[in-house]
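Lettering follows sequence order; numbering is per chain, from 1. Note that the structure is a prediction, hence the values are computed from the model and not measured.
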Amino acid sequence: MNIFEKAIYDLTADILKTEYKYDVKNSLELSSLIEYPPSPDLGDYALPCFSFSKTLHLSPDVIASELESKLQKHLLNKSPFTNIKARGPYLNFTVSSSSFAEEILPDIFNGNYFKRPSNIKRERVMIEFSQPNTHKGFHVGHLRNVALGDSLCRIFLYNGYDVIGANYIGDIGSHIAKCLWYLKKHNTQDPPENHRGEWLGEMYTNAVSKLEASNGQEKINFKAELSQLLREIDEKDHEIYQDWETTREWSMEDFREIYEWLDVKFDHFFYESEVDEEGRKIVIEGEKNGIFKKSEGAIGVDLDEEGLGFFMLLKSDGNTLYSTKDLALARKKFDKFEVERSIYVVGSEQTLHFKQVFATLKRMGYKQAEKCFHLPYALVVLPEGKMSSRQGNVILFSQLRKEIVESIQSIHLAEHRKNWSSKELEETSQKIAVAAIKYGMLNQDSNKNIVFSMDEWLVSEGDTGTYLVYAYVRIRSIGRKIPLKVSPDVDYSLLSHPNEKKLLRQMLDFNKTVFNAAELFRPSLLARMLYEFSKDFSRTYNTCSVMHAETEKLKASRLLLFHCVAETLQQGLNLLGISPPERM
RNA sequence: GCGGGUGUAGCUCAACUGGAUAGAGCAUCAGACUUCGGAUCUGAGGGCUGAGGGUUCGAAUCCUUCCACCCGCGCCA
């Protein structure tokens with residue numbers, strides 16, 4: 001609740017109590033009612049009066065208009081409100097833009113505003129995301145997960161949480177056996193110099209088609225070979241183990257380079273290979289203790305009570321499953337990292353799986369299981385359907401990066417080629433490309449598929465990441481052109497244009513938006529707010545010039561305003577994982 | 001079959017979780033500025049919110065019955 005909402009609460013709660021004998025139980029009751037009128041012409045805050053109607057035996061319209069007349073006297077002496085007006089069942093409050101400005105601009109100018117939320121110490125939360133498989137290509141679908149997880153880490157951190165960003169590399173399992181099997185027995189190519197992880201992805205796809213094309217005795221032989229290969233990797237003392245280590249590192253090299261380009265960092269890397277053995281022990285022990293049971297040669301847990309069916313934990317050939325390793329991983333998170341809250345950013349097709357994992361952990365006696373949360377997100381699909389590494393019909397990350405960087409450099413940065421160093425050209429195109437990619441992944445709600453079309457991702461107009469960083473660059477450009485020093489010592493009452501007021505209002509709500517983005521696991525809320533904010537800036541840019549301001553005083557006020565807009569935009573973009581360039 | 005998700009303008013998406021006239025971008029058409037950076041701004045047209053029923057002061061939002069598409073449902077991850 002900001003000071004304006006607080007003022008509305010104080011005024012109305014008092015009148016409701018003294019004049020209507022309506023006892024407002026707590027501040028939440030009123031403050032959660034306070035909302036925004038659909039148009040700024042109506043006011044800045046609104047109190048809907050429906051809920052008082054029943055107890056007061058009056059129509060909401062009457063209540064609103066009675067409150068209006070009773071509150072008029074508060075418009076005088078030092079009130080932040082310039083107007084209190086009933087309209088139908090709503091009581092609308094208008095705040096002067098100078099009150100907004102005085103409240104928010106000094107705080108942003110000195111940097112305190114962005115530190116305030118993180119002063120509150122909250123619990124330790126681990127956010128697990130990305131989880132790429134080695135020996136497979138990194139495609140645009142993986143990018144959505146990375147953008148989402150990374151942004152959530154930043155947003156949680158901003159809000160004061162003790163955040164551990166974790167990756168969980170899928171470096172073991174049957175897909176790897178297939179890849180290595182093909183590499184050993186069928187491949188004739190030499191690995192390339194660069195992007196060898198990506199090349200392994202091709203080998204994996206080849207393996208899948210080879211296996212699918214086989215039948216009869218050949219198929220049986222292939223399966224036996226795969227099973228043996230998997231066992232040999234497990235046993236660690238065969239030649240294939242060396243191959244596994246080498247090729248795994250090829251993939252990791254690719255991943256590290258991608259994360260660095262994307263400006264994504266992890267506090268910890270888990271590997272499936274490190275929890276594999278432990279998982280097996282947990283399951284076997286659980287079977288002895290009677291928590292788990294044998295069924296058709298395999299081990300699992302009966303979750304019928306929870307309505308989750310039978311959950312497989314160990315294959316009948318003794319090899320581990322995804323679920324086996326998830327149990328060991330969770331235990332590690334609880335015991336070693338003392339995680340209080342555990343968030344898994346994983347595709348929505350695994351919703352049932354995680355319900356089963358969490359239920360199993362609970363059966364095993366882990367109280368933390370209640371604070372495990374699967375954050376599902378929908379797929380990135382192609383117009384013709386789902387992407388699949390198995391089939392090889394994927395848009396690789398490297399392809400998107402190449403096309404988007406080339407498009408930015410050839411269409412927009414060409415004009416700077418003579419004056420800028422190649423380093424700046426490179427860095428700027430990288431920053432714009434990252435903005436375009438991450439914003440594109442984040443501005444949409446995570447439960448909706450993204451239909452990927454390369455042409456759309458090369459667009460740099462309208463509701464795009466490019467638009468946001470362009471707005472940022474233009475503001476900073478003003479700062480460079482005006483020979484004035486930004487100062488908070490200005491006349492705030494001069495910022496009275498409706499467009500200027502909108503900007504002030506958005507800045508005032510910034511922290512609340514970031515808070516909601518964390519609590520609802522929705523960076524999209526922040527992304528949308530920043531787009532509106534940038535749009536309002538562009539409008540203000542066209543209507544409220546700094547350079548051509550009528551007076552020097554107005555010039556100084558607007559300079560401060562725009563400076564604060566830039567600071568807020570930069571903060572917000574950073575929380576989306578975007579670091580805007582200073583010029584472009 | 002059961003469970004989950006989605007369905008809103010020609011297309012891609014919003015709608016502060018039940019509130020005022022359902023909003024943006026793209027596309028289409030018409031405009032602005034001898035530009036604090038045109039990767040911009042202003043305006044116009046475009047809607048039975050998949051369909052029916054219900055709940056209440058009030059529904060895109062909640063309940064219900066259908067329809068369409070997507071994803072899960074024991075040895076993949």
Side-chain angles (χ1 to χ4, degrees), chain A residues 33 35-39 42 46 48 50 53-54 59-61 87-90 92 131 133 136 170 173-175 178 272 295-300 307-317 319-323 325-326 346-353 355-356 376 378-379 381 385-386 389-390 408 411-413 415 432 443-445 447-451 453 456 459-464 466-471 473-482 509 512-513 516 520 524-525 528-529 531-532 535 537-549 555 558-559 562 583-584:
Chain A
L33 282 179
E35 57 190 49
Y36 305 154
S39 153
L42 296 171
F50 305 101
S53 187
K54 259 184 192 155
S59 84
D61 292 39
R87 183 184 150 113
Y90 293 91
N92 293 325
Q131 311 108 326
N133 284 324
K136 279 191 191 178
S174 56
H175 75 278
K178 285 174 190 166
E272 284 193 20
S295 169
E296 297 167 31
I299 299 178
L308 297 173
F310 185 80
F311 188 36
M312 279 283 290
L313 294 171
L314 198 64
K315 292 204 251 185
S316 49
D317 67 358
N319 280 320
T320 61
L321 287 159
Y322 187 47
S323 54
K325 291 165 265 195
D326 260 339
V346 183
S348 59
E349 66 275 14
Q350 294 187 39
T351 299
L352 175 62
H353 168 82
K355 278 185 183 168
Q356 292 173 323
L379 299 169
V381 298
K386 201 176 166 180
S389 298
R390 292 170 62 85
I408 290 164
I411 297 173
H412 294 297
L413 296 183
E415 54 179 309
I432 300 170
N443 84 119
Q444 192 171 128
D445 236 30
N447 58 356
K448 264 183 188 159
N449 279 351
I450 292 178
V451 181
S453 131
E456 284 174 29
V459 168
S460 61
E461 290 168 15
D463 188 2
T464 62
T466 313
Y467 178 91
L468 304 207
V469 293
Y470 181 66
V473 163
R474 288 207 298 176
I475 312 174
R476 290 303 192 202
S477 172
I478 296 172
R480 285 192 295 267
K481 292 225 164 124
I482 306 284
D509 291 340
K512 194 163 113 190
T513 303
N516 288 336
L520 300 172
S524 65
L525 295 178
R528 305 217 136 261
M529 180 256 152
Y531 172 66
E532 287 303 320
K535 189 148 189 64
F537 159 71
S538 295
R539 288 176 174 142
T540 314
Y541 183 85
N542 268 30
T543 50
C544 305
S545 173
V546 181
M547 193 173 273
H548 305 114
K555 193 180 276 191
R558 283 182 176 166
L559 189 65
F562 281 138
R583 52 180 192 164
M584 62 193 267

**Message:** Can you confirm whether Pro89(A) sits close enough to Asp61(A) that some side-chain heavy atom of one is under 4.5 Å from a side-chain heavy atom of the other?
**Reply:** yes
Contacts under 3.5 Å, N or O only, protein and nucleotides 21-26 of chain B:
| unit_1 | atom_1 | unit_2 | atom_2 | d |
| --- | --- | --- | --- | --- |
| rG25(B) | OP1 | Lys535(A) | NZ | 3.3 |
| rG25(B) | O2' | Asp463(A) | N | 3.3 |

**Asked** In whole Å, what is the span from the CG atom of Leu525(A) to the P atom of rU17(B)?
**Response** 10 Å
**Message:** Within the structure provided, determine whether Pro48(A) and Glu35(A) are in side-chain contact (heavy-atom separation under 4.5 Å).
**Reply:** yes
**Asked** Can you list the steps and then say if Ile478(A) with Met547(A) is a side chain to side chain contact (heavy atoms under 4.5 Å, CB included)?
**Response** CA-CA 8 Å; Ile478(A) 296 172; Met547(A) 193 173 273; over 6 Å; no
**Under 3.5 Å on both distances, the Watson-Crick or G-U partner of rG43(B)** = rC29(B)
**Message:** Over 60° means perpendicular and under 30° means parallel, so tell me whether Phe311(A) and His353(A) are parallel, tilted or perpendicular.
**Reply:** perpendicular
**Prompt:** Ring-on-base stacking between Tyr541(A) and rC36(B), under 5.5 Å between centres and under 30° between planes: is it there?
**Reply:** yes
**Complete:** side-chain contact (heavy atoms from CB on, under 4.5 Å) with Thr466(A): of Val459(A), Ile432(A), Ile408(A), only one passes, and it is Ile432(A)
**Asked** In whole angstrom, what separates Phe50(A)'s CZ from rC57(B)'s P?
**Response** 11 Å
**Message:** For a quick check of understanding: with a heavy-atom distance under 4.0 Å over all strands, which category does Pro48(A) fall into, base, sugar-phosphate or nothing?
**Reply:** nothing
**Item:** base_contact_polar (rA20(B) base, Asn92(A) side chain, donor-acceptor, <3.5 Å)
**Value:** yes
**Asked** Nearest-Å distance, NZ (Lys448(A)) to C1' (rA60(B))?
**Response** 11 Å
**Prompt:** Rounding to a whole Å, what distance do you find between Asp61(A):CG and rA20(B):C1'?
**Reply:** 11 Å
**Request:** Write down the distance between CD1 (Ile450(A)) and C1' (rG5(B)), rounded to a whole number of angstrom.
**Result:** 15 Å
**Euclidean distance for P, rG23(B) against rG47(B) (whole angstrom)** = 13 Å
**Prompt:** More than 12 non-hydrogen atoms from neighbouring residues, nucleotides or ligands closer than 6.0 Å to CZ on Arg390(A), yes or no?
**Reply:** no
**Request:** Report the nucleotide, chosen from rC36(B), rU40(B), rA20(B), that has the shortest atom-to-atom distance to any side-chain atom of Pro38(A).
**Result:** rA20(B)
**Asked** Phe562(A) and Tyr541(A): aromatic ring centres closer than 6.0 Å?
**Response** no
**Request:** Using whole Å, report how far CG of Leu42(A) lies from P of rA20(B).
**Result:** 11 Å
**Request:** Give Pro376(A) one of three labels, base, sugar-phosphate or nothing, depending on what nucleic acid heavy atoms sit under 4.0 Å from its own.
**Result:** nothing
**Message:** It should be established whether Asn447(A) places a side-chain nitrogen or oxygen under 4.0 Å from OP1 or OP2 of nucleotide rU6(B).
**Reply:** yes
**Message:** Rounded to whole Å, please give me the gap between OH in Tyr467(A) and C1' in rA39(B).
**Reply:** 10 Å
**Message:** Once you apply a heavy-atom cut-off of 4.0 Å, does Ala471(A) come out as touching a base, just sugar-phosphate, or nothing?
**Reply:** nothing
**Annotated protein contacts, base or backbone, on nucleotides 67-77 of chain B with a non-hydrogen cut-off under 4.0 Å, one of B, S, - each** = ----SSSBBSB
**Prompt:** For rU61(B), is chi within 90° of 0 (syn) or not (anti)?
**Reply:** anti
**Message:** Under 4.0 Å, heavy atoms only, any strand: does Asp509(A) hit a base, just the sugar-phosphate, or nothing?
**Reply:** nothing
**Request:** Scan Phe311(A) against the nucleic acid and name what it touches under 4.0 Å (heavy atoms): base, sugar-phosphate only, or nothing.
**Result:** nothing
**Message:** Output the rounded distance in Å from CG (Leu33(A)) to P (rG58(B)).
**Reply:** 19 Å
